[in-house]
Amino acid sequence: MKGLPSSLFGSSQCFLFHLSIFLFLLFVDFASGFGSMGPITASFGDNGRFCAIDASGKQEVICWGNKTNSSSSSSSNPSIYPTDVPPMAAISGGEGFLCGILANTSQAYCWDSMESSSDLVPVSFKPNAYFQIAAGKNHVCAIRGPYYSENDLGSVDCWDIVRLPNNSLISRSSALFYDQHISTLVLKKVVSGDGFSCGVAREGGIECWGPNSGSLGVSGVSGNVVGLASGMDSICVIQKDSNEIKCWGNNDSFVHPPEGTPFVSLAAGAQHFCGIREDNHGVECWGNFNSSLVPKSSGFLAIASSDHVTCGIREADLVLDCWFTNILSPMGYDPPLQLCSPGLCTPGYCGEGRFAFNASILNEPDLTSLCVRKDLKICSPCGSNCSEGFFPSSPCTENADRVCTACSLCQSSSCWDICKLQSSPEMQQKHRHQLHQLLLIIGSSASGFILILIGWYLFPRIIGTKGDERKKKQFASCIGKSELENGTNGDPNPPASVAPCPGIAQVFRLSELKDATNGFKEFNELGRGSYGFVYKAVLPDGRQVAVKRANAATIIHTNSRDFEMELEILCSVRHVNVVNLLGYCSEMGERLLVYEFMPHGTLHDHLHGGLSPLNWTLRLKIAMQAAKGLEYLHKEVVPPIVHRDLKSSKILLDADWCARIADFGVLTPNESDINQDMKTDVYNFGIVLLEILSGRKAYDVECLPPSIVDWAVPLIRQGKAAAIIDRYTALPRNVEPLLKLADLAELCLTDDPSERPSMPDLARSLEQFVKEGLVL
């Protein structure tokens, strides 16, 4: 995937559509942020660049930067920089330079962020192996020892990075960061800031050195330190016993740190800190930072910070979220469309409370490990809870974190309290219904013998009557008089008599549909619209159906002849990608239509309403199937049907996750209007394609601009289609079909209707995209 252009944008944090730049993350066992190492890092300052270790299993390094400062033309995205940096075990960023530990030798390697070919490690230190490295503002400190070993203690080497008047960088041995005291230190971890470095000593305390270390005022560190991060002039640590935060240095960088909250990792920017909570892996930030910009809806595996931005990798799908320190932060960074490593590869057992990251969740068939050796693993902290709107449906294991499931799928008392469902009207009704059933069972047991006798006598007669009645209701003519309607049973309210049509449908009694919907109660409601209400119903034979009930306004404004015409058209519609009519009822002035039940809800609810997410393969198939449904309505139904109101909420998903078109208009327009109206359907289908691609709503007042068309189409026309791809869904290895889908959406949204493709053309194109497939 190297060289793929653009950045990823999501759906729920619409403000980020216009502000977001992507850094990436640093991993959690060490601190993440300025002056520490991880799988991704940033060089600070005007010549800032970002580099990350990719997820190919080769631990190669990719780099990108501010496109306004770019002079590279060798990439399709000018902000992405090809690099000749060797594969890395870990990387760290300073001001205008970056450093790392080579994956094959454990040696240090540093380079100018503007010129990757330079090696800024002093000759005397080049032969040494290191397992920790931390770049500060203008110096580097590293702890000696082979990286891929279980040795976690070593002595420290430090050197300066000096920028010359001609703007080039050189390295030299440091007198400021080396004295007799430092030479005696044996450390586990190290971070660096502006004129200081700090490390975790053998006993777990903090040792700091350098010309500016005295201004930190580090003191009173009790017990072991399990994580730390340094800003320019401050440092925060995670204390082992409580996992709570303690900070020193410039108070402006860590003003109002969280109290009493356990954390598993830290990240530090120039003047702010962020941390991942131990319980739900949510993020909290403090210091010179606008906390309202921090995402609240996701858990994160790791986070990292730069001058003006913090980014994290979402635990659900390894996709990036980024947020700024404040609204006035500068913009301009576009990372490549590429999977990057979620952490550092290490040997040994992950230990209690942690799990080994499993590459299989990336759905990459050829990717079995993210590390260069099979004996290496990436260890992540387990979560004990989930972010708001989700509940933990399975615990953390050795090879997988606890699984978070949307509260919309909560079905038992084990998640009611977490999802706050016990007080909801639906749950109260469910409880009442269950209690009512229990009382009936208890009461029936007292008179069971009498009921058995009565049943013995009546059962054959009931069975015979019901069987005859069902046979009478089911008939070959879709709409027409059944034997029930001939008045032979004396029913005062027989179903309405309407003209026959081909197909098979069922005439339902009003009493039957009332029972099936529990009296059309609100808790059975599936949706509502201008026509009326739609209810879930369970028929006596156990079938689940959807009942569409016209409201009073619809009945008043639609005469019986219009209803007959509607039924006539609906009877002629039979297609695998259309929600088909099963039957109807027109008793007592009611107008009810019975349709196939779609158990997986609407496309809108999966994209925007909190239902289970859809992967890219399924999204492409849904787009294709919806196109085939519209093609059928436009070209195969006689006379043709135009939907007129196509949107993602009108595309339903059946038990097999197949897309079905619903709620299409049934009054066919005049011949002179039909082609124009079909092009309107094509335009609306283009909006649906944008929703599928971006995960963003068609119109959202919280977004600027609120219209998805006004936001996405200009980006596509500028060759930046990848900028609209939903980052809340794991990226496929092959993104070409998604970019083609964006181009197809743009064609549908052309201002001139005559230039828009037809639905058959769209269906054929989408079918080809599906055949090409996505390598997930």
Side-chain angles (χ1 to χ4, degrees), residues 26 30-37 41-48 92-99 108 110 112-113 120-122 125 130 132-143 155-165 167 169-185 187 189-201 205-219 221 225 228-237 246-255 266-273 287-288 305-308:
L26 297 179
F30 337 99
S32 303
F34 181 77
S36 55
M37 74 177 196
T41 193
S43 59
F44 285 59
D46 295 337
N47 295 329
S92 179
E95 186 169 81
F97 70 96
L98 301 107
C99 291
C110 296
D112 189 330
S113 63
L120 302 174
V121 178
F125 294 142
Y130 297 100
Q132 278 271 317
I133 193 166
K137 181 178 181 181
N138 50 21
H139 77 282
V140 182
C141 286
I143 304 176
S155 58
V156 181
D157 290 332
C158 297
W159 61 92
D160 293 335
I161 304 292
V162 180
R163 188 168 293 278
L164 299 176
N167 211 33
L169 292 177
I170 63 169
S171 64
R172 67 186 181 193
S173 297
S174 176
L176 294 175
F177 289 88
Y178 188 82
D179 56 30
Q180 190 63 33
H181 170 63
I182 297 174
S183 66
T184 63
L185 293 179
L187 301 177
K189 302 170 185 176
V190 63
V191 294
S192 299
D194 183 3
F196 72 90
S197 288
C198 294
V200 180
I206 296 295
E207 293 277 358
C208 296
W209 62 93
N212 297 338
S213 60
S215 62
L216 296 175
V218 176
S219 63
V221 182
V225 170
L228 71 167
S230 63
M232 283 289 189
D233 50 12
S234 54
I235 181 173
C236 289
V237 304
K246 191 174 181 67
C247 300
W248 301 270
N250 182 354
N251 186 66
D252 291 340
S253 298
F254 57 84
V255 62
L266 293 177
Q271 295 293 322
H272 75 279
F273 288 84
N288 186 7
S305 293
S306 182
D307 298 67
H308 305 286

- [ ] Write down the atom of Gly210, the atom of Ser213, and the distance for their closest heavy-atom approach.
- [x] O-OG, 2.8 Å

Task: Minimum heavy-atom distance between His139 and Ser197, given as atom pair plus value - done: NE2-OG, 2.8 Å

- [ ] Nearest 0.5 Å please: distance from the OG atom of Ser174 over to the CD1 atom of Ile182.
- [x] 8.0 Å

- [ ] On the 0 to 90° scale, with breaks at 30° and 60°, tag the Trp159-Tyr130 ring pair as parallel, tilted or perpendicular.
- [x] tilted

Task: Ala267 versus Ala229, closest heavy-atom pair with distance - done: C-CB, 4.2 Å

- [ ] Show your reasoning for whether side-chain contact (heavy atoms from CB on, under 4.5 Å) applies to Arg163 and Asp112.
- [x] CA-CA 10 Å; Arg163 188 168 293 278; Asp112 189 330; 4.2 Å; yes

- [ ] Run the numbers on Phe273 and Ser234 for side-chain contact (heavy atoms from CB on, under 4.5 Å), then give the verdict.
- [x] CA-CA 10 Å; Phe273 288 84; Ser234 54; 3.3 Å; yes

Open item on the list: Quick check: do Phe125 and Ser171 have side-chain heavy atoms less than 4.5 Å from each other?
Closed with: no

- [ ] Taking all non-hydrogen atoms of both residues into account, name the closest pair between Asp160 and Ser173 and its distance.
- [x] OD2-O, 4.2 Å

Task: Shortest non-hydrogen contact from Cys236 toward Leu266 - done: O-CD1, 3.5 Å

- [ ] Report yes or no: does Asp194 contribute a side-chain atom to a donor-acceptor pair with the main-chain N or O of Lys137 at less than 3.5 Å?
- [x] no

Task: Minimum heavy-atom distance Cys110-Val121, with the two atoms named - done: N-CG2, 3.7 Å

Open item on the list: Distance check, rounded to the nearest 0.5 Å: Leu216 atom CG versus Phe196 atom CZ?
Closed with: 4.5 Å

Task: Cys198: which of Ile206, Leu187, Val225, Val190 passes side-chain contact (heavy atoms from CB on, under 4.5 Å) - done: Ile206

Task: side-chain contact (heavy atoms from CB on, under 4.5 Å) between Trp248 and Val237, worked out - done: CA-CA 9 Å; Trp248 301 270; Val237 304; 3.8 Å; yes

Open item on the list: How long is the straight-line distance from SG of Cys247 back to CD1 of Ile235, given to the nearest 0.5 Å?
Closed with: 9.0 Å

TODO: Only counting residues at least two apart or in another chain, list the ones meeting side-chain hydrogen bond (donor to acceptor under 3.5 Å, both in side chains) with Asn138.
DONE: none

Task: Asn250 (side chain) donor-acceptor with Asp252 (main chain) under 3.5 angstrom - done: yes

Open item on the list: Determine whether a donor-acceptor pair (N or O, by modelled atom type, separation under 3.5 Å) exists between the side chain of Ser43 and the backbone of Leu98.
Closed with: no

Open item on the list: Just verifying a value: how many Å separate Ile133 CD1 and Cys99 SG, rounded to the nearest 0.5 Å?
Closed with: 4.5 Å

Open item on the list: Is the shortest side-chain heavy-atom distance between Ser192 and Phe177 below 4.5 Å?
Closed with: no

TODO: Please lay out, stage by stage, how Gln271 and Asp233 fare under the test side-chain contact (heavy atoms from CB on, under 4.5 Å).
DONE: CA-CA 8 Å; Gln271 295 293 322; Asp233 50 12; 3.8 Å; yes

Open item on the list: Return the CD to OG1 distance between Glu207 and Thr184, rounded to the nearest 0.5 Å.
Closed with: 8.0 Å

Task: Distance, nearest 0.5 Å, that separates CG of Leu169 from OG of Ser113 - done: 7.5 Å

